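Heads up, the thing below is written out as structure tokens.
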Amino acid sequence: MTTDTTGTAARDGDSRPGGPADSPFIRACRRRPVPHTPVWFMRQAGRSLPEYREIRASVPMLESCRRPELVTEITLQPVRRHGVDAAILFSDIVVPVAAAGIDLDIVPGTGPVVAEPIRTAADVERIRRITRDDVSYVDEAVRQLVVELGDTPLIGFAGAPFTLASYLVEGGPSRTHAKTKALMYGDPELWHALCARLAEVTLAFLRVQIEAGVSAVQLFDSWAGALSEADYRRFVLPHSTTVLSGLVDAGVPRIHFGVGTAELLGAMGEAGADVVGVDWRTPLDVATGRIGADKAVQGNLDPCVLLAPWPVVEAEVRRILEQGRAAPGHVFNLGHGVLPETDPEVLTRVVALVHELSSRRADQG
């Protein structure tokens, strides 16, 4: 173990003073005592910040993800503004899929759009395995960021196989995931071949980030809530487990998050993460009972609450902190991403409030 203070210091759980490994965020992920409840926000680096909109005004989304200097600046913006306890790499879940040879674009107002959706075994073969060279811009951005962030941990991330598969099969975002489920039920062999290939791509993408110095990783399965628990266990869990268990030797905390997953939390907890993210629909104490007492939780303020008057926001923050005490570790977050219309000042106030309330509790024993 080296003595640097970049994200690499978090890999073996080193508890020396200073550095990302000793930060409140990493300590909470590892279910260790913390001086205050750490807080960060999904989509904190992005649409709610005027400085983000200015820098992105003339740069398409995928291009912005491939420019290390731009990625570094956008990732740092919410850390400077809000004082959050962790940064999350500015990127998109389809970046590694594009690097693997899939022709797609991120269309403003729509999301990822795939030119030729996956339909056959030959289509699956078009998805190449990726190496560090395929995403060298991510490697470079992470290395820049761990230097800039110092003791603040950097979270890397990727999309889970099911959510990536849904985009590739549907050809873009979907409310019903009808084509995805039709393939899943109608051709399980092809479905598992597709998800197995995507698990390889995802695992490789996360390893690039870890080797470059991120302190933790998050696996987003945004659309898993569209499934029953039985279908999740049959068609999704094996492939998410491949990714998360494939990182067990990397030494960084692994977070797993999905939306609408109240009935899936127990199964998601089995996939191999150290922390399970919970959306706003399930109270954290209830979620802890479903996930198990051996994992930390992350969440789970409804993003829409941030649009309400401040007394409402404050009451909800207090409620979530209280319910989070049932878990062996709690990372305060939203139950999904920051909405574009959110006032950034409210996010800054939430960070300060979480720190104040949880620090007071820690001081009281």
Side-chain angles (χ1 to χ4, degrees), residues 24-31 37-45 84-89 91 93 153-164 202 206 214-227 229 232 236-237 240-241 243-244 247 252-306 316-317 320-321 323-339 350 354:
F25 170 72
I26 296 297
R27 293 185 68 86
C29 289
R30 298 194 184 282
R31 307 184 305 280
T37 299
V39 52
W40 70 279
F41 305 109
M42 288 179 281
R43 291 183 182 161
Q44 64 186 17
V84 287
D85 291 286
I88 184 164
L89 179 70
S91 188
I93 64 170
L154 175 64
I155 305 167
F157 76 92
F162 174 78
T163 291
L164 294 178
T202 298
L206 289 173
V214 299
S215 297
V217 292
Q218 177 157 312
L219 188 67
F220 283 89
D221 212 351
S222 306
W223 307 135
L227 301 175
E229 182 183 358
Y232 178 86
V236 178
L237 182 57
S240 294
T241 299
V243 177
L244 292 167
L247 298 173
V252 301
R254 298 154 294 169
I255 309 167
H256 196 19
F257 172 76
V259 182
T261 55
E263 298 304 317
L264 307 181
L265 288 172
M268 290 182 72
E270 296 170 19
D274 305 289
V275 184
V276 176
V278 183
D279 77 9
W280 66 92
R281 297 170 179 88
T282 310
L284 290 180
D285 49 354
V286 174
T288 295
R290 296 176 183 178
I291 295 163
D294 61 337
K295 298 184 188 303
V297 298
Q298 179 175 278
N300 67 340
L301 183 69
D302 186 334
C304 292
V305 167
L306 296 172
E316 285 297 288
V317 168
I320 288 164
L321 284 173
Q323 292 172 346
R325 296 179 69 186
H330 177 210
V331 176
F332 191 99
N333 206 310
L334 303 183
H336 201 194
V338 176
L339 297 173
V350 167
V354 170

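Everything numeric here is computed off the predicted structure, so don't read it as measured data.
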Within the structure provided, determine whether [X] and [Y] are in side-chain contact (heavy-atom separation under 4.5 Å).
X: I26; Y: R30; answer: yes
X: L219; Y: F157; answer: no
X: I320; Y: H330; answer: yes
X: I93; Y: T163; answer: yes
X: V236; Y: P161; answer: no
X: F25; Y: R27; answer: no
X: P303; Y: V338; answer: no
X: V331; Y: V39; answer: no

Just do the side chain to side chain contact (heavy atoms under 4.5 Å, CB included) check on D221 and S240 with the steps written out, would you? CA-CA 9 Å; D221 212 351; S240 294; 3.9 Å; yes
Are the side chain of [X] and the backbone N or O of [Y] linked by a donor-acceptor pair below 3.5 Å?
X: Q44; Y: A86; result: yes
X: N333; Y: M42; result: yes
X: T202; Y: G159; result: yes
X: T288; Y: L284; result: yes

Check the pair V317 / F332 against side chain to side chain contact (heavy atoms under 4.5 Å, CB included), numbers first and verdict last. CA-CA 9 Å; V317 168; F332 191 99; 4.0 Å; yes
How far does [atom1] of [X] sit from [atom2] of [Y], to the nearest 0.5 angstrom?
X: Y232; Y: L227; atom1: OH; atom2: CG; value: 9.0 Å
X: I88; Y: L154; atom1: CD1; atom2: CG; value: 8.5 Å
X: L334; Y: D302; atom1: CG; atom2: CG; value: 8.5 Å
X: F257; Y: H336; atom1: CZ; atom2: NE2; value: 5.0 Å
X: I155; Y: C29; atom1: CD1; atom2: SG; value: 7.0 Å
X: N300; Y: W280; atom1: CG; atom2: CH2; value: 10.0 Å

Work out which heavy atom in [X] is nearest to a heavy atom in [Y]; give both atom names and the distance.
X: V252; Y: A216; value: CB-CA, 4.1 Å
X: P253; Y: S215; value: CD-O, 3.2 Å
X: D285; Y: A326; value: CB-CB, 3.7 Å
X: G260; Y: R281; value: N-NH1, 3.6 Å

Can you name the salt bridge (charged side-chain N to carboxylate O under 4.0 Å, His left out) partners of D274, sequence neighbours left out? R254
Could you check T261, V286, I291 and say which one makes a side-chain contact (heavy atoms from CB on, under 4.5 Å) with V278?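 Single side-chain contact (heavy atoms from CB on, under 4.5 Å) partner of V278 among T261, V286, I291: I291.
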Return each pair, listed once, that meets side chain to side chain donor-acceptor pair (under 3.5 Å) where at least one residue sits in residues 289-298; pairs must be two or more places apart or across chains.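 Qualifying pairs, neighbours excluded: W40-Q298, Q218-Q298.
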Is there a side chain to side chain contact (heavy atoms under 4.5 Å, CB included) between L265 and T282? Walk through the geometry before answering. CA-CA 10 Å; L265 288 172; T282 310; 4.2 Å; yes
Verdict with reasoning, L247 to V217, per side chain to side chain contact (heavy atoms under 4.5 Å, CB included): CA-CA 10 Å; L247 298 173; V217 292; 4.0 Å; yes
